[in-house]
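As structure tokens, the structure follows; a few thoughts come after it.
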Protein chains: 2
Amino acid sequence: MLKKERQAYIIQQINIHNKVLSSDLCVQLDVSEDTVRRDLQELAEEGKLIKVHGGALAKSFHFTIESKQVYSLPEKKIIAHKAIDLIKDGMLVVISGGTTMRELVNMLPPDLNATFVTTNVPIALELLEHPNAEVIFLGNKLLKSAQMAVGAEVVQRLGQIKADLCLLGTNSIDLNFGITDLEWEIIEVKKAMIACAQKTVSLAISEKLNTTQRLQVCALDQVDVLITELDPTNEKLTPYAKLGLSIL
Amino acid sequence: MLKKERQAYIIQQINIHNKVLSSDLCVQLDVSEDTVRRDLQELAEEGKLIKVHGGALAKSFHFTIESKQVYSLPEKKIIAHKAIDLIKDGMLVVISGGTTMRELVNMLPPDLNATFVTTNVPIALELLEHPNAEVIFLGNKLLKSAQMAVGAEVVQRLGQIKADLCLLGTNSIDLNFGITDLEWEIIEVKKAMIACAQKTVSLAISEKLNTTQRLQVCALDQVDVLITELDPTNEKLTPYAKLGLSIL
DNA sequence: TGCGTTCCCGCATAATCACGCAAAAAATTT
DNA sequence: AAATTTTTTGCGTGATTATGCGGGAACGCA
């Protein structure tokens, strides 16, 4: 077996498992541990992996302490409060994820009698704490990064729903590109959410205004209401109002 | 398992729970307490956490925010530990709810590569924290009391699954009446879980032995393994062993 | 105060690593 | 095709690192 082949195999293994053990590799490749170690060292120098005692880790294997996002930002509370007024008794509400949404669910008036549809696990959990809310979770394979269910199954079942309201936590909103998001699987679900609801509401902190991500969820003409923590008369919002969005 | 991996896992646990216990970690990671302690010490020197007696705290730990983590009974840890040995790489595991199950999910070895199917929201959330587990949530209407999805939809989709293992949190188990539970909708789902799995494991604290509820989930002949916190040779368990159950 | 847990220290063991050297393999030149 | 150079590999040695265990000290709780 050629050296290049071996190293390619190592990279491949790293990509699959995010790690390799020297001891494993020297069995799989039928070479001595020294050779494996030299290979790993070379690959490490080329920046293709991180060498550690006993093996190597994927370059993407970095662990940082991300301080847990404080979800009691006052802005989010303001937004949540405004949005809650849109939810009336008897409504069927489709609700996405995000910390703002969690804040909203937490603040729901206890006597509200509404049905909520979500694919987001933490949101579902919060909703379960509500005494009167009926909760429908559309499940399937769960996406770790967003803690939500995604996939054709979810999209299809959203298509069978006629909702009154779609509450959309929004990462990025822009005059030209509309609402955008990071991951393909997420925008698929959000699209379906918007499509099934009579009225779509975008909840966004003002810092998310006029920012974009790679993938488009929908254009602004599909959004009916925009909620930020700002006063509706704020000049940052006037361009959005001119496009026909209701500002709250 | 590589040292860095272990430390990354510790950091992750800290990020999730704001704290870790050395005693927990050494079980989860399958290393001695000394090793855990040395890891914590290293990470503390790097400023990634705060070492305290018995474990460590997140750097951002606020004493005002007491994490509402339920104090878990040591019995449940023993049970969880026994059950984890049954889960092997590549398995498809159907898993019910309950605090014991949560303990189990929390203790899953980080390098385990398995797929989990559940209908329980808190369990799904815990599973999402696991670095390698694939999580499938079978959703539908959520039952507030059990924080799980129930209904024909769930049962039907469970019927489409061929699982290797069914881990069943058990409220009541009795020699005559088998496993019983409180609510109609729950037993429907549990029945389906048992039916779709090759092997059914009942996890029960010994105080649940020889108790009954109103509704039967299944007779004992459908249960393959019974796990309690007791020693398998304990006389309380011998009648169950005589019925053909494996006792762990 | 007393008891169980956790911690700290040193040591033993085993695994891993780094280095040099020589054999083997591959590539290059003659 | 033979000879020479270069690269690669395996092995031995000793250093380094990682881990577990025992014993005594320190800690925390009742």
Side-chain angles (χ1 to χ4, degrees), chain A residues 1-14 17-59 61 63, chain B residues 1-14 17-59 61 63 66-67 69-78 80-81 85 103 106-107 109-111 229:
Chain A
M1 168 163 288
L2 282 103
K3 188 179 166 190
K4 293 274 178 190
E5 273 185 86
R6 229 174 30 224
Q7 297 195 348
Y9 177 82
I10 293 174
I11 295 291
Q12 191 190 337
Q13 288 298 108
I14 284 269
H17 300 113
N18 287 319
K19 69 159 183 183
V20 286
L21 303 181
S22 311
S23 51
D24 285 354
L25 285 174
C26 76
V27 175
Q28 292 163 26
L29 299 167
D30 194 32
V31 289
S32 75
E33 291 218 32
D34 291 79
T35 304
V36 168
R37 207 171 301 114
R38 275 184 283 241
D39 279 340
L40 291 179
Q41 197 176 336
E42 265 185 55
L43 292 168
E45 278 165 15
E46 294 169 28
K48 293 182 178 164
L49 47 75
I50 299 167
K51 178 86 190 68
V52 296
H53 193 93
L57 299 171
K59 213 173 39 168
F61 193 98
F63 47 100
Chain B
M1 159 151 278
L2 295 162
K3 188 180 165 189
K4 291 277 178 195
E5 263 187 301
R6 223 174 37 221
Q7 297 191 346
Y9 177 80
I10 293 174
I11 295 291
Q12 195 199 5
Q13 289 297 109
I14 285 269
H17 299 113
N18 285 320
K19 70 173 181 188
V20 287
L21 301 180
S22 309
S23 52
D24 284 355
L25 287 174
C26 76
V27 176
Q28 292 164 30
L29 299 166
D30 195 32
V31 290
S32 75
E33 293 219 33
D34 291 85
T35 302
V36 168
R37 208 172 300 113
R38 274 184 282 240
D39 279 339
L40 292 179
Q41 195 176 334
E42 266 185 55
L43 291 168
E45 278 166 15
E46 294 169 28
K48 294 184 176 163
L49 47 75
I50 299 166
K51 179 85 190 69
V52 296
H53 193 91
L57 299 173
K59 215 171 37 168
F61 186 80
F63 289 91
E66 189 53 60
S67 60
Q69 193 177 10
V70 207
Y71 261 96
S72 63
L73 297 166
E75 292 92 339
K76 301 197 172 183
K77 289 197 177 168
I78 297 171
H81 193 245
D85 290 340
E103 197 65 47
N106 225 324
M107 289 168 65
D111 54 351
E229 83 280 12

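- Every salt bridge (charged side-chain N to carboxylate O under 4.0 Å, His left out) that B:Glu5 has, sequence neighbours left out, goes to A:Lys19.
- Remark on DNA chain C: of its neighbouring residues A:Ser23 and B:Arg37, the 5'-side contact belongs to B:Arg37, judged by nearest-heavy-atom nucleotide.
- Put simply, NZ on B:Lys4 is 13 Å from C1' on D:dA18, counting in whole angstrom units.
- For DNA chain C, the outermost nucleotides in 5' to 3' order that have an atom under 4.0 Å from a heavy atom of chain A are C:dT16 to C:dC19.
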Inset, instruction - Before giving the answer on side-chain contact (heavy atoms from CB on, under 4.5 Å), spell out for B:Val31 and B:Arg6 the whole-Å C-alpha distance, their side-chain angles and the decisive distance to 0.1 Å. - result: CA-CA 10 Å; B:Val31 290; B:Arg6 223 174 37 221; 4.1 Å; yes
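- For residues 47-58 of chain A, every residue pair satisfying the side-chain hydrogen bond (donor to acceptor under 3.5 Å, both in side chains) rule, not counting sequence neighbours, is listed here: A:Glu46-A:Lys48.
- The residue A:Val52 sits close only to the backbone: its heavy atoms come under 4.0 Å of sugar-phosphate atoms, none of a base.
- By the side chain to side chain contact (heavy atoms under 4.5 Å, CB included) test, B:Val52 is found to be paired with B:Ile50, B:Leu57, residues two or more places apart in sequence or in another chain being considered.
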Inset, instruction - Could you encode protein contacts along nucleotides 22-27 of chain D as a string, one character per nucleotide from 5' to 3', using B for base contact, S for sugar-phosphate-only contact and - for no contact, with a heavy-atom cut-off of under 4.0 Å? - result: B-----
Inset, instruction - Please report the C-alpha distance between A:Val20 and A:Leu40 in whole Å, then the side-chain angles of each, then the deciding distance to 0.1 Å, and finally whether the side-chain contact (heavy atoms from CB on, under 4.5 Å) criterion is met. - result: CA-CA 10 Å; A:Val20 286; A:Leu40 291 179; 4.3 Å; yes
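- Per the geometry, CD belonging to B:Glu42 stands 11 Å off C1' belonging to D:dT17, to the nearest Å.
- The overall bend of the helix from C:dT1-D:dA30 to C:dT30-D:dA1, read as the angle between its terminal helix axes built from five base pairs each, is 40° when rounded to 10 degrees.
- In this structure B:Ser32 satisfies the side chain to side chain contact (heavy atoms under 4.5 Å, CB included) test together with B:Asp34, B:Thr35, sequence neighbours excluded.
- Computed from coordinates, the B:Leu40 CG to D:dT19 P distance equals 13 Å when rounded to whole Å.
- The nearest whole Å value for the distance from the CG atom in A:Asp30 to the P atom in D:dT9 is 12 Å.
- For the atom pair B:Lys77 NZ and B:Glu229 CD, the distance stands at 14.5 Å (nearest 0.5 Å).
- A straight line from CZ of A:Arg6 to P of D:dT8 spans 9 Å, rounded to a whole angstrom.
- Between B:Asp39 atom CG and D:dG20 atom C1' there is a gap of 13 Å when expressed in whole angstrom units.
- In this structure, B:Glu33 places its CD atom 14 Å from C1' of D:dT19, rounding to the nearest Å.
- Within 6.0 Å of atom CG in A:Asp30, 12 or fewer heavy atoms from other residues, nucleotides or ligands are found, so the atom counts as exposed in its surroundings.
- In this view, B:Arg37 satisfies the side chain to side chain donor-acceptor pair (under 3.5 Å) rule with no residue, not counting sequence neighbours.
- Looking at residues two or more places apart in sequence or on another chain, you find a side chain to side chain donor-acceptor pair (under 3.5 Å) between A:Glu42 and A:Lys3, A:Gln7.
- Scanning for side chain to side chain contact (heavy atoms under 4.5 Å, CB included) contacts around A:Gln28 gives A:Tyr9, A:Gln13, A:Asp24, A:Leu25, with sequence neighbours left out.
- Distance CD (B:Gln41) to P (D:dA18): 13 Å, rounded to an integer number of Å.
- Applying the 4.0 Å criterion to OP1 and OP2 of D:dT19, one finds that B:Thr35 has every side-chain N and O outside that range.
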